[in-house]
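Here is the structure we will look at.
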Amino acid sequence: MDGHVIRECLYMGIMYLQIIIFMAFMISKTLELEKTQRTAVVYWGVAGLSAFLFGMGIQYAAQQMIAFLDQKAFQSEGGAIVQMYYSGVTLVHVVQNMMPALIATAFVLVIYRGKRSTKVFVSLLFMLVVAVTFQFFSEITYIFFSDGDNGYLRNQPVPIVRSLIDFGWLFCIICIYRKFLETSLKNILETAREQIVHIITISCLAYIAFEVVKGTLDTYGITLMAVDPGNFLIAVTIITALILIYILIYWSIFKVVTVSASSAKVKAELDVASKIQLSALPNKFPAFPDRKEIEVYAEMFPAKEVGGDFYDFFFIDEEHLAVLIADVSGKGVPVALFMMSGRAVIRNQAFLKMKPGEILKNANNQLEENNHEGMFITAFLGILNVNTGEFEYSNAGHNVPYLCKKSGEVIPIPVKSGFVLAGMRNIRYKTEKIILEKREKLILYTDGITEAENPQKDMYGAERLMEALGDCTEKTVDETVRKIVVSVENFAQDSEQADDITVLAVERL
């Protein structure tokens, strides 16, 4: 083995070592260690030593293999055979250039947490972007230190000069990363999610494609070290285009990571909000197991993660039960917050033992006072004397409830539709009264029931609701509510639920 071969092998070993050191430094600033810091240093030390020895071995094997393939290609006469040998040369270049990335990847998966996490793979791919960019600028810089050419290619600088150039560019990249990119990358990785790992495959394939194309160009002398201006310009154009494409692919992945992670985070927060919202409403049934004179059941199905419908029922005193059903205009988190506020205000007013009309009037004024978003609430509030059956109620623009009589007849209760809550101050609401006989039921609901649509855009309507209530006298309150919900679901078929669905049933036993 002559001195030139030894120097080239040493150079390749040092270049592999520099890349490993670079990767170790960059990724250690980004990812969380699986091992202790001391153990990680030892692992990276082993990685660096392995890369140095591997680089030397790869360089020697690559030189021998390329010389062998060149000789075979020169001796062959068939064009296809010659191309096959040159393809082998290309493969050698590709393997030689990709090997540091493979070594670094193997050690990263061992040293850092989350072996299959997006954080690890996005970080590695970022380093691959850096690697191809570093490779380009290093080779461009070699031109200025070349001491001649062989007629086809410029002579590369001596190994020590190349090593210094490589180190200089890696140092510059580290400084740029620390100054401009480190914080952004960490912020993105904090919100990365596992479900998008498959997207990263695209960037890996793009990196392999880059190395294959560059290896092919090197095989045919179309490199940045080419003497011929045409070959040089072709190499610059193709490599620059590939780097830009690769960077754009990676930038797109970053965008997908950000958007997907943000969406997942919002969805998770909405799921929590939905659980909080539902848990705030009375949802344990039988509602009053110690009370034999009354039975209540309710169900709510938000159209989105959080909804604007709400219901409530509670005893004001030993014999008066308040029942409430309401619907806030709009959808989403602001509506859910307004819904919680509306429920609390109405509930607090009800404990003052006023008539339903007075309760809604006071609640309306409180809600309107800070209603800067212009939302409003339709509500029906009733107070039932469970002993006498006297049911006093007031309506604020809500759907008219139905009464299931003992005879099986289903009728809308007589009610005057008042103005919505939170829309205008000092609105008066009328208190009305009926007698709820034993074995009779009150059915309260929101417009998500009557306005549900099927695929033909027909609305469910009040008539179908009354049909669903046809045998409600023979059913318990929970069976009645579920029958209504199933009836709506069967009618809507596969149509998307457009509005919240809420039903509340009260029966005097």
Side-chain angles (χ1 to χ4, degrees), residues 259 263 266-267 270-271 273-274 277-278 281 297-311 324-339 342-343 373-380 395-404 408-423 441-472 475 477-505:
V259 173
S263 299
V266 169
K267 187 178 185 306
L270 288 175
D271 288 341
S274 178
Q277 182 186 35
L278 292 174
L281 302 179
Y297 187 80
E299 285 194 5
M300 184 177 81
F301 302 91
K304 304 297 182 183
E305 285 83 357
V306 289
D309 282 8
F310 65 97
Y311 64 86
L324 168 69
I325 192 164
D327 184 2
V328 183
S329 59
K331 299 285 184 298
V333 175
V335 170
L337 293 173
F338 197 64
M339 166 274 229
R343 174 176 174 264
E373 302 301 322
M375 292 183 283
F376 62 86
I377 302 175
T378 68
F380 179 91
N395 190 25
H398 198 75
N399 303 81
V400 177
Y402 284 94
L403 176 62
C404 295
E409 184 183 8
V410 178
I411 60 171
I413 69 172
V415 61
K416 180 179 179 181
S417 181
F419 196 68
V420 296
L421 301 178
K441 296 184 183 70
L442 282 169
I443 309 299
L444 286 64
Y445 60 95
T446 59
D447 56 11
I449 295 287
T450 53
E451 295 180 6
E453 294 183 345
N454 64 11
Q456 291 74 42
K457 300 301 180 182
D458 299 322
M459 296 182 73
Y460 183 78
E463 291 185 4
R464 289 186 177 88
L465 176 56
M466 292 179 69
E467 289 177 9
L469 292 171
D471 59 349
C472 63
K475 295 184 179 299
V477 286
D478 56 322
E479 290 173 341
T480 300
V481 169
R482 287 173 183 146
K483 183 179 179 183
I484 294 171
V485 173
V486 170
S487 174
V488 173
E489 290 176 346
N490 292 339
F491 171 79
Q493 299 176 33
D494 295 328
S495 297
E496 183 179 1
Q497 184 181 335
D499 200 359
D500 305 330
I501 290 176
T502 305
V503 187
L504 186 152

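Along the sequence shown, residues are numbered consecutively beginning with 1. Please read these numbers as outputs of a predicted model, since none were measured by experiment.
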Taken in chain and number order and not counting sequence neighbours, the residues that satisfy side-chain contact (heavy atoms from CB on, under 4.5 Å) with K475 are D471, E479, T480, K483
The reported gap from OG1 in T378 to CG in N399 (rounded to nearest 0.5 angstrom) is 6.5 Å
When every non-hydrogen atom of I443 is compared with those of C404, the smallest separation belongs to CG1-SG, 3.9 Å
Rounding to 0.5 Å, atoms CZ (R343) and CZ (F310) come to a distance of 8.5 Å
The side-chain contact (heavy atoms from CB on, under 4.5 Å) partners of S487 (sequence neighbours excluded) come to Y460, A468
The reported gap from NE2 in H398 to CG in L444 (rounded to nearest 0.5 angstrom) is 7.0 Å
- Quick one: does V400's side chain get under 4.5 Å of F380's, heavy atoms only? no
- Message: Can you confirm whether more than 12 heavy atoms, excluding those of E463, are under 6.0 Å from its CD atom?
- Response: no
Separation between CD (E373) and CG (L337), nearest 0.5 Å, reads 10.5 Å
CZ of F301 to CD1 of I501, rounded to nearest 0.5 Å, is 7.5 Å
For L324 and A379 the tightest heavy-atom approach is CD1-CB, 4.2 Å
Donor-acceptor pairs under 3.5 angstrom involving side-chain atoms of residues 409-421: please list them, not counting sequence neighbours.
none

Sorted by chain and residue number, the side-chain hydrogen bond (donor to acceptor under 3.5 Å, both in side chains) partners of D447 (sequence neighbours excluded) come out as none
Sorted by chain and residue number, the side-chain contact (heavy atoms from CB on, under 4.5 Å) partners of E453 (sequence neighbours excluded) come out as K457, M459
task: For atom CD of E496, decide whether the heavy atoms of other residues, nucleotides or ligands shown that lie under 6.0 angstrom number more than 12.
output: no
Of all heavy-atom pairs linking V488 and A452, the shortest is CG1-CB, 3.7 Å
When rounded to the nearest 0.5 Å, the distance separating CZ of R482 from CD of E489 is 12.0 Å
Tightest non-hydrogen contact, residues N454 and F491, listed as CB-O, 3.1 Å
Residue set satisfying side-chain contact (heavy atoms from CB on, under 4.5 Å) with D309, at least two apart, ordered chain then number -> M300, D327, T446, D500, T502
Between A303 and D499, the two heavy atoms sitting closest are CB-C, 3.5 Å
Nearest heavy-atom contact between M339 and G308 is CG-O, 3.9 Å
_Side chains of I484 and E299, heavy atoms from C-beta outward: is any pair under 4.5 Å?_
no
